[in-house]
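Within every chain, numbering begins at 1; the chains are lettered A, B, ... in the order of the sequence lines, protein sequences first and strands thereafter. This one's a predicted model, so the numbers in the text were calculated from it and none came from an experiment.
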Amino acid sequence: MFSQSFLQLNTIFISILIEAVPFVLIGVFIAGFIQMFITEEMLAKVIPKNRCLAVLSAAFIGALFPACECGIVPIVRRLILKGVPLHAGIAFMLTGPVINPVVLFSTYLAFGSQWDMPFYRGGLSFIVAVLVGLIISRQFKGNQLIAKGAVRNHCDASGKQTFMKKFAGMLRHAADEFFSVGKYLIIGAFVAAAMQTYVKTSTLLEIGQTEAASHLVMMGLAFVLSLCSEADAFIASSFRSTFSTGSLVAFLVFGPMVDIKNVLMMLDAFKKRFILYLVAYIAIFVFIGSLLI
Amino acid sequence: MFRIYILLLFTYFFFHLHASGNIAKYINMKYAYLSYSAIFIFALLTIVQVYDYFKGGGEAAGEPCCDHDHSDEKDKPFYQRWFFYGVFAFPLAAGLFFPIATLDSTIVKSKGFSFKPIEQIEAADHYAQTQYLKPDTSVYYGKEGYDELMEKELSKYISKEHIALRDDQFLKGMETIYHFPGDFLGKVIEFDGFAFRGESPDQRQLFVLRFGVIHCVADSGAFGMLAEFPEETKLQDDDWIHVKGTLSSMYYQPFKATIPVLRVKEWHAIDKPKEPYVYRGY
């Protein structure tokens with residue numbers, strides 16, 4: 001009925017989903033939790049008014065926060081809806097999936113139990129997150145969420161409800177979030193699987209002959225493969241002998257920030273023009289930063 | 001109502017994967033606990049949706065705490081709504097009803113590595129290999145730690161004249177052999193794998209490969225060895241075989257390099273193993 005290669009595409013597609021869905025579920029639960037239990041006043045207290053400080057502290061909180069790039073978008077959308085400034089939300093979104101204990105430890109293991117790779121990876125993504133956050137704070141006013149998300153919730157963590165009610169609300173929000181994010185995850189996983197099945201990796205690798213080109217190729221590969229940030233270090237390390245450290249860092253920093261899956265998920269939350277700028281800034285900074293390594 | 005079905009089916013799908021053991025055809029079981037917990041989370045979400053549905057007397061209608069997303073897909077024109085349904089229904093249908101493909105020579109070809117990197121191993125050391133043919137976990141260990149590990153692995157095999165690689169030893173064993181080809185010359189080695197013709201003009205030569213899975217099948221690679229049969233065989237790509245022979249090395253024209261080769265003494269066709277992949281367990 002179907003060709004063998006389509007069935008293989010399908011198998012890769014399902015396997016990416018099986019790998020990503022648990023993390024998305026964790027993400028939507030956290031988003032639901034934020035919706036029901038975190039008040040705007042609490043956030044206002046935590047996030048500094050000063051723009052630079054806000055970006056810095058958000059990037060730092062993101063670094064402590066264990067999330068995967070599949071799960072972070074709904075969380076950030078929810079935070080911004082709760083009144084977290086856009087630039088802080090974005091800084092948080094960019095460090096969250098890269099700098100966290102699980103990801104850094106897997107990077108440490110993948111690269112010969114040495115700390116230089118996790119250090120480069122963490123360092124560059126922190127710098128990129130802060131720079132992008134700062135530019136965004138200058139350039140964009142408003143929350144840049146698409147209209148349906150921008151509707152104020154009249155019912156949230158106003159301390160009046162009982163814990164049980166809040167808990168039920170959290171579960172309900174988690175389900176909503178799953179449906180709103182899930183469709184992009186599914187489409188993204190499918191596109192990534194198709195790319196893996198039909199695009200010859202050797203074509204990409206042949207392009208990456210010069211230093212600068214190899215950085216772009218690794219970033220392109222990171223985008224296309226859409227690997228989970230917890231698994232990508234093992235893939236990157238398999239390219240270690242072919243590519244320079246700098247271009248591998250580009251792969252490891254760019255991938256979790258921007259890939260097919262999470263760009264599609266961002267489309268669910270943010271305006272297109274904003275995403276375009278965001279992706280462009282990330283790409284430029286990762287590129288320049290990784291060339292310096 | 002649609003959401004209830006979808007969540008229910010997702011719960012069932014993840015449950016089914018674990019109950020039937022099919023999960024091993026998608027991911028490395030080392031990470032199975034993640035998808036296992038997904039069963040319970042989906043079940044919980046399903047219960048909440050069912051409860052809301054019956055309590056609210058309909059699709060979240062009487063809910064006092066309405067969030068914007070609830071009726072999201074119902075407000076949209078029908079084609080968008082059906083697209084939305086389709087997107088969620090597709091992976092479920094695909095996962096539950098389509099046959100699970102096993103990665104085979106089609107992927108080896110379409111991934112297009114064609115074992116090229118091997119040719120550079122000898123030529124230039126720094127330009128070694130991607131994760132094909134020869135498993136290389138050296139990157140997972142420091143230089144010294146890795147040598148130590150390899151020595152340890154070698155010591156397991158060195159005294160034996162006859163090495164049968166079981167599936168769970170496949171990746172490590174292959175790696176050790178590729179690491180110390182000289183120490184294994186003349187030893188009898190046997191293992192299972194699928195045939196891949198590659199580019200060799202010689203009909204007696206083909207590769208015997210396995211797919212090794214790191215995390216999920218999306219990140220797997222093909223590992224194995226060149227085999228030379230005593231006479232021409234009619235083996236096709238993806239035929240599963242058990243091979244037994246002595247290890248030797250030869251100059252392999254398509255790679256323009258000297259690589260280990262198994263001079264096959266005995267072989268027989270086997271059924272595709274229940275677990276076609278080998279997993280990275282370290």
Side-chain angles (χ1 to χ4, degrees), chain A residues 2 4-5 7-8 10-19 21-23 25 29 35 109-114 148-149 151 153 155 168-169 171-180 182-183 186-187 192-193 196-198 200-203 225 227-228 230-231 234-235 237-242, chain B residues 3 7 17 23 25-27 31 34-35 37-38 41-42 44-45 48-49 52 64-70 72 84 87-88 90-91 94-95 98-101 103-104 106-107 110-114 116-117 126-131 136 139-143 145-146 214-219 221:
Chain A
F2 299 105
Q4 189 59 23
S5 64
L7 289 178
Q8 304 213 339
N10 189 60
T11 302
I12 295 178
F13 161 63
I14 301 284
S15 93
I16 296 178
L17 273 190
I18 293 174
E19 190 188 53
V21 159
F23 291 101
L25 288 175
F29 265 94
Q35 172 67 13
L109 284 181
F111 284 88
S113 300
Q114 276 151 4
K148 72 151 196 179
V151 175
N153 297 301
C155 174
L171 292 177
R172 214 171 284 132
H173 281 293
D176 288 340
E177 210 76 65
F178 174 74
F179 279 98
S180 111
K183 58 179 180 287
I186 293 168
I187 297 170
Q196 280 209 19
T197 319
Y198 295 115
K200 293 196 172 190
T201 318
S202 55
T203 324
L225 293 180
L227 297 163
C228 194
E230 271 136 37
F234 294 101
I235 303 299
S237 66
S238 72
F239 290 112
R240 187 153 89 153
S241 34
T242 324
Chain B
R3 295 181 161 214
L7 285 172
L17 278 174
I23 187 91
K25 293 174 182 158
Y26 292 109
I27 61 167
Y31 303 96
L34 281 169
S35 56
S37 47
I41 302 181
F42 273 125
L44 185 63
L45 290 180
V48 172
Q49 290 276 308
D52 275 2
C65 183
C66 61
D67 189 54
H68 44 90
D69 292 27
H70 280 294
D72 181 82
F84 178 85
V87 165
F88 280 95
F90 176 72
F98 289 9
I100 305 170
L103 298 189
D104 59 16
T106 329
I107 290 288
S110 66
K111 281 207 178 178
F113 277 91
S114 71
K116 221 177 184 167
H126 69 278
Y127 200 86
Q129 72 294 326
T130 35
Q131 292 274 21
D136 183 1
V139 292
Y140 306 123
Y141 304 92
K143 179 84 181 77
Y146 180 69
I214 302 173
H215 200 148
C216 69
V217 299
D219 56 31

Problem set entry | Within the 6.0 Å centroid threshold, strictly below: B/Phe90 and A/Phe13 |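 Ring-ring flag for B/Phe90/A/Phe13: true, centres closer than 6.0 Å.
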Problem set entry | Contact origin within B/Ser37 toward chain A - heavy atom pairs under 4.5 Å |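 B/Ser37 has no heavy atom closer than 4.5 Å to chain A.
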Problem set entry | Under 4.5 Å from a heavy atom of chain A, the part of B/Ile27 involved |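 Contact with chain A involves the side chain of B/Ile27 alone.
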What distance separates [X] [atom1] from [Y] [atom2], expressed to the nearest 0.5 Å?
| X | Y | atom1 | atom2 | answer |
| --- | --- | --- | --- | --- |
| A/Leu17 | B/Ser35 | CG | OG | 12.0 Å |
| A/Ile14 | B/Tyr26 | CD1 | OH | 5.0 Å |
| A/Asp176 | B/Gln49 | CG | CD | 6.5 Å |

For this session: Taking the side chain as every heavy atom from C-beta outward, state whether A/Thr11 and B/Phe98 have any atom pair closer than 4.5 Å.
Result: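 With C-beta onward as the side chain, the pair stays apart.
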Exercise. By a 4.5 Å heavy-atom criterion (distance strictly below it), what part of A/Phe178 contacts chain B: side chain, backbone, both, or neither?
Worked result: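 For A/Phe178, heavy atoms of backbone and side chain both lie under 4.5 Å from chain B.
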Problem set entry | Interchain contact, A/Ile186 with chain B, by part (heavy-atom threshold 4.5 Å) |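 Side chain only.
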